[in-house]
Protein chains: 2
Amino acid sequence: MKPSVVTIEPNGHFCDDCAVRGAAVCSSLDAAELREFEHLGRRVHFSSGETVFSEEDITTSFYNVLEGVMRLYKLLPDGRRQIVGFALPGDFLGMNLSGRHNFSADAIGAVTVCQFAKAPFTRFIEDRPQLLRRINELAIRELSQARDHMVLLGRRSADEKVATFLLGWRERLVALKGLSDTVPLPMSRQDIADYLGLTIETVSRTFTKLERQGVIEIIQGGISLLDPARVEAMAAA
Amino acid sequence: MKPSVVTIEPNGHFCDDCAVRGAAVCSSLDAAELREFEHLGRRVHFSSGETVFSEEDITTSFYNVLEGVMRLYKLLPDGRRQIVGFALPGDFLGMNLSGRHNFSADAIGAVTVCQFAKAPFTRFIEDRPQLLRRINELAIRELSQARDHMVLLGRRSADEKVATFLLGWRERLVALKGLSDTVPLPMSRQDIADYLGLTIETVSRTFTKLERQGVIEIIQGGISLLDPARVEAMAAA
DNA sequence: ACAGCCGATTGACTCAGATCAAATTTGAGT
DNA sequence: ACTCAAATTTGATCTGAGTCAATCGGCTGT
């Protein structure tokens, strides 16, 4: 991991030119509210590998991902890691009841977030039920995804896990970049393994197996889905 | 599974004598609101094994568990099952964005729920941000639990899974019945296995192993924690 | 009390995925 | 272009948990 180089933009950012304005929590605010909201957040840049927050840290901020990809994970005392999700632009991070983060988050490649100090943000929500409702929607969506992932972790084979991951990841990218059979994988094999509850070797072997079967092609920084239908068949099982 | 015998109380239930009034969603309402809220819900009884709602069913109601235990689960097309959680009194079920339930729920032993028709409930929330906030809190708590469970499913050994389950289950019962080293397990071994991502045989063997080590005692309808510290050591690993 | 059933336990054996150990490829810095 | 370190792939072997197959035990209903 490189030395920490967090860049905070001097000032004067505008929600107007924010890529996720329509999708993120902000989508619940009208123009006037957005103007006020703007002063609460500040854009912060993180470079590859940097940690945005750690599990057990006291929560001082919430984060809205604007650009890039983050890995969200929990560690066991002996170092085993489970990635509980990947965050993409539009995702909102940091909500918890305990006052401490319940997972760690770090940047995979360059990341830009919109950071909100906890207290003023909480105050801002107080009399904006729309915003609260939006946050609640995001939590409910995450919960549904979390349950799907439990099924994957607890009941699927390695082949099914990998196939499901590829399709699910592609699906998430569709919303951001449009449909494509070329699927960029900015995360490492280790990240994928820790997300799927496998080892790096099993992930690698499964990829090569899929490639030999002519179902995918392993390309620079990702894979290409040669036969999406076959991958879907593998995932469904 | 027995023939369906759903009992709906004729009427006139009162939140006043509701065991979970202080803990559940209702805790966010003042006396006047509670009086109004009362008319939205009706108590419904389910007997052992009955299904309260199924995955993919259109969501017509939300449920507040009053008494008993429910298993919440998802099925793969080929019948593999993953239990995503057990619901206890105070838990609120049924929230989703898709308009369909994203898991199935059935009764383990006799269950009483407070059932709310979706539309009036949703309307009632509209201008009660307190209630929405409470629901959001419950969702965030569930999300945190879901992430913990992902770690268990993806990265823990069978022994660790079983030990963690016993402690976690006991912990949840503490809130309801007070601390005790006697842990009732109303769910079957198959349920435990499907919750932990194991087979019934592995769960059974792990129990007997723990018993032979003198760490637990397997008793009728549950276990007794003879050496909680050792179980904690096993769980932490 | 007894028969029959269903859930739980136990044992023998197998196998999917982990572990251990090299190559091989990639890529960042000089 | 060249070097070195890190990431990935590949191979050989091992093992924890699954599978298959009997029992065993505890209720239920007669």
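Just so it is clear: chains get the letters A, B, ... in the order the sequence lines come, proteins before strands, and each one is counted from 1.
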Roughly, in whole Å, what's the span from [atom1] in [X] to [atom2] in [N]?
X	N	atom1	atom2	answer
F207(A)	dA7(D)	CZ	P	16 Å
I108(B)	dG7(C)	CD1	P	13 Å
I223(A)	dT9(D)	CD1	P	12 Å
E211(B)	dT10(C)	CD	C1'	14 Å
R156(B)	dG16(D)	CZ	P	17 Å
K209(B)	dG11(C)	NZ	P	14 Å
I200(A)	dG17(C)	CD1	C1'	15 Å
I216(A)	dT9(D)	CD1	C1'	13 Å

State which of [options] makes the closest approach to the side chain of [X].
X	options	answer
S157(B)	dT10(D), dT10(C), dA17(D)	dA17(D)
L198(A)	dA18(C), dT9(C), dT26(C)	dA18(C)
I218(A)	dT9(D), dG17(C), dG18(D)	dT9(D)
Q220(B)	dC27(D), dA17(D), dG17(C)	dC27(D)

Q.
Regarding E67(A) and R43(A), does a basic nitrogen lie under 4.0 Å from an acidic carboxylate oxygen?
A. no
Q.
Closest-nucleotide mapping onto DNA chain D: is S188(A) or T199(B) further toward the 5' terminus? I mean the 5' end.
A.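 Whichever sits nearer the 5' end wins; that is S188(A).
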Q) Relative to the 5' end of DNA chain D, which residue comes earlier, V203(A) or R205(B), by the nucleotide with the nearest heavy atom? A) V203(A)
Q) If you pin G221(A) and T202(A) to their nearest nucleotides in DNA chain C, which one's is more 5'? A)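 Taking each residue's closest nucleotide, the earlier one in sequence belongs to T202(A).
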Q | Non-hydrogen side-chain atoms of D91(B) and M70(B) separated by less than 4.5 Å | A | no
Q: Taking the side chain as every heavy atom from C-beta outward, state whether S180(B) and L173(B) have any pair of such atoms under 4.5 Å apart.
A: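 When only atoms from C-beta onward are counted, L173(B) and S180(B) do not touch, as no gap falls below 4.5 Å.
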Q. Between S204(B) and dA8(C), is there a side-chain N or O to OP1/OP2 distance below 4.0 Å?
A.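 For dA8(C), OP1/OP2 do not have a side-chain N/O of S204(B) under 4.0 Å.
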Q) Base, sugar-phosphate alone, or nothing: which one does T208(B) contact when heavy atoms must sit under 4.0 Å apart? A) sugar-phosphate
Q.
So G197(B), base contact, sugar-phosphate only, or nothing? Heavy-atom distance under 4.0 Å.
A. sugar-phosphate
Q.
Given F53(A), which partner from the list Y63(A), Y73(A), F62(A) fulfils the ring-ring contact (aromatic ring centres under 6.0 Å, His included) test?
A. Y63(A)
Q. Hey, is the side chain of E201(A) pairing donor to acceptor with the base of dC20(C) inside 3.5 Å?
A. yes
What side-chain donor-acceptor pairs closer than 3.5 Å can you find for residues 148-162 of chain B, not counting sequence neighbours?
residue	atom	partner	partner atom	Å
D148(B)	OD1	K74(A)	NZ	2.8
H149(B)	NE2	Y195(B)	O	2.8
R155(B)	NE	R81(A)	O	2.9
R155(B)	NH1	L198(A)	O	3.3
R155(B)	NH2	A193(A)	O	3.2
R155(B)	NH2	D194(A)	OD1	2.8
R155(B)	NH2	L198(A)	O	2.7
R156(B)	NH2	A235(B)	O	2.1
R156(B)	NH2	A236(B)	O	3.2
S157(B)	OG	E160(B)	N	3.3
D159(B)	OD1	K209(B)	NZ	3.1
D159(B)	OD2	K209(B)	NZ	2.7
E160(B)	OE1	R80(A)	NH1	3.0
E160(B)	OE1	R80(A)	NH2	3.4
E160(B)	OE1	S157(B)	N	3.0
E160(B)	OE2	R80(A)	NH2	2.9
K161(B)	NZ	L196(B)	O	2.9

